[in-house]
Participant: 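Let me give you the structure first, and then I'll get to my questions.
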Amino acid sequence: MKIPAKNLVLKIAALAAFSAFPFFAQANAPDGLVPAEPYREATYPSPRNAGGKADRAWLARTKSFADAAKNLKDCCLVFVGDSITDNWRGPGKAAWNASFARFSPLNLGYSGDRTENVLFRLTYGENLPPNIRPRAFVLLIGTNNFGHRDDAPEDVAAGEIKIVELLRKARPDAHVVVMATFPRAGERFEKKIAAQNAAVAAWVAARGDEKISVLDINPKFVGADGKVDFALLPDGLHLNARGHEIWAAALLEKFAAEGIF
């Protein structure tokens, strides 16, 4: 039975409560709803939490994403990610409009999200309704797993891979462009991000799916010393307007090379 959209917040709140008990959920959920392997937080669809409970502001914005998606026509391009993707609405807005407006794009970037939050939004939050049939997804995720919780790179890579698999299954005709997680200031981030990116790139290569490709533009965001270029990432994490222009240009080049647009 289809649950009315107006009840979406209640539905995902209930699922959020269920997901608060991952071991119980894994043992009792229907086949296909949860990972089969041992529980790893980065790979299990989970909402954002506040004070030990599902964050209602996050749930409400997740619903707003669902509503926007359901009302979007002729969407050819979907971005999925965290604040770096969310910032196409801010410092990246001019580049977004100039580069992607003709594709009727959908921005599913949510500031603060980790891999498991994106999995929850796509699995339970109706962020990918039936009318959204893009030619391509652009996925950038993982930095908050390191910044918020200091996850192991292999766990973050596993979570990112689950998102890619979900997108490929949900929209078999769409190409998934997996962005290498952007550089972040701080030695511990440099090493972990490099390990995550290497693991995901190796998985993509081994899978051999012509509709999954990696785009690594990290050399554009670092200086000669390999450190973050603060002229493009002023806080050591988020792109400014010029950084978004560089990202947009690289994506347009990628789309052309892959024959997507």
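Residues take their numbers from the sequence shown, with the count starting at 1.
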Participant: Are the side chains of Val164 and Ile212 in contact, using a 4.5 Å heavy-atom criterion?
Facilitator: yes
Participant: Please report the C-alpha distance between Thr62 and Phe120 in whole Å, then the side-chain angles of each, then the deciding distance to 0.1 Å, and finally whether the side chain to side chain contact (heavy atoms under 4.5 Å, CB included) criterion is met.
Facilitator: CA-CA 10 Å; Thr62 291; Phe120 187 92; 5.8 Å; no
Participant: CG/Leu166 to CZ/Arg171 distance, rounded to the nearest 0.5 angstrom?
Facilitator: 9.5 Å
Participant: Hey, is the main chain of Pro172 close enough, under 3.5 Å, to the side chain of Lys211 for a donor-acceptor pair?
Facilitator: no
Participant: Please evaluate residues Asn131 and Lys73 with respect to the criterion side chain to side chain contact (heavy atoms under 4.5 Å, CB included), reporting the C-alpha separation (whole Å), side-chain torsions for both, the decisive distance (0.1 Å), and the verdict.
Facilitator: CA-CA 8 Å; Asn131 61 295; Lys73 296 181 180 179; over 6 Å; no
Participant: Measure the OG1-NZ distance between Thr115 and Lys162 for me, rounded to the nearest 0.5 Å.
Facilitator: 10.5 Å
Participant: Side-chain contact, heavy-atom cut-off 4.5 Å: Leu128 with Phe137?
Facilitator: yes
Participant: Any heavy-atom pair between the side chains of Ile163 and Ile141 that's under 4.5 Å?
Facilitator: yes
Participant: Got Val176 and Arg168 here, is their nearest side-chain heavy-atom distance under 4.5 Å?
Facilitator: yes
Participant: Is Leu215 reachable from Ile161 through a run of I, L, V, M, F, W or Y residues, each pair having side-chain heavy atoms under 4.5 Å apart?
Facilitator: no
Participant: Could you list the residues that satisfy ring pair (Phe, Tyr, Trp, His ring centres under 6.0 Å) with His175, not counting sequence neighbours?
Facilitator: none
Participant: With a 4.0 Å cut-off, would you call Glu190 and Lys227 a salt bridge?
Facilitator: yes
Participant: In Å and rounded to the nearest 0.5 Å, what is the CG to CD distance from Asp151 to Glu116?
Facilitator: 7.0 Å
Participant: Give the ring-plane orientation class for Trp96 versus Trp88, where under 30° counts as parallel, over 60° as perpendicular and anything between as tilted.
Facilitator: tilted
Participant: Is any side-chain heavy atom of Val80 closer than 4.5 Å to one of Val118?
Facilitator: yes
Participant: Say whether, by atom type as modelled, one donor and one acceptor occur between the side chain of Asn107 and the main chain of Thr85 under 3.5 angstrom.
Facilitator: yes
Participant: Using 0.5 Å steps for rounding, measure from the CG atom of Leu77 to the CG atom of Leu251.
Facilitator: 8.0 Å
Participant: For the pair Arg89 (side chain) and Gly109 (backbone), establish whether a donor and an acceptor sit closer than 3.5 Å, ignoring hydrogens and angles.
Facilitator: yes
Participant: Tell me whether the rings of Phe255 and Phe103 are parallel (<30°), tilted (30 to 60°) or perpendicular (>60°).
Facilitator: perpendicular
Participant: Taking atom CZ of Arg184 and atom CD1 of Ile84, what is their separation to the nearest 0.5 Å?
Facilitator: 8.0 Å
Participant: Would Arg121 pass as a cation-pi partner of Phe65, given that its NZ or CZ must be under 6.0 Å from the six-membered ring centre and within 45 degrees of the axis?
Facilitator: no
Participant: What distance separates Leu106 CG from Phe100 CZ, expressed to the nearest 0.5 Å?
Facilitator: 13.5 Å
Participant: Using atom types as modelled, flag every donor-acceptor pair under 3.5 Å from a side chain in residues 231-240 to any protein atom, sequence neighbours excluded.
Facilitator:
| unit_1 | atom_1 | unit_2 | atom_2 | d |
| --- | --- | --- | --- | --- |
| Asp235 | OD1 | Leu237 | N | 2.9 |
| Asp235 | OD1 | His238 | N | 2.7 |
| Asp235 | OD2 | His238 | ND1 | 2.7 |
| His238 | NE2 | Ser83 | OG | 2.7 |
| Asn240 | OD1 | Arg242 | N | 3.2 |
| Asn240 | OD1 | Gly243 | N | 2.9 |
| Asn240 | ND2 | Ala231 | O | 2.7 |

Participant: Salt-bridge test for Glu126 and Lys70: reply yes if a basic N is under 4.0 Å from a carboxylate O, no otherwise.
Facilitator: yes
Participant: Taking Phe146's backbone N and O only, do any of them form a donor-acceptor pair with Arg149's side chain (distance below 3.5 Å, no angle check)?
Facilitator: no
Participant: Is there side-chain contact between Thr181 and Val156, with heavy atoms separated by less than 4.5 Å?
Facilitator: no
Participant: Looking only at the side chains, is there a donor atom on one of Asp86 and Ser111 sitting less than 3.5 Å from an acceptor on the other?
Facilitator: no
Participant: Check side-chain contact (heavy atoms from CB on, under 4.5 Å) between Asp150 and all other residues, then give those that pass, not counting sequence neighbours.
Facilitator: Arg188, Lys192
Participant: Is there a donor-acceptor contact under 3.5 Å from the side chain of Asn144 to the main chain of Asp113?
Facilitator: yes
Participant: Side-chain contact test, heavy atoms from C-beta onward, threshold under 4.5 Å: evaluate it for Phe221 versus Asp229 and give yes or no.
Facilitator: no
Participant: Answer yes or no: is there an ion pair linking Lys191 with Glu187, defined by an N-O contact shorter than 4.0 Å?
Facilitator: yes
Participant: Under the 6.0 Å and 45° cation-pi test, does Arg48 pair with Tyr110?
Facilitator: yes
Participant: Under 3.5 Å, is there a donor-acceptor pair between the side chain of Arg114 and the main chain of Glu41?
Facilitator: no
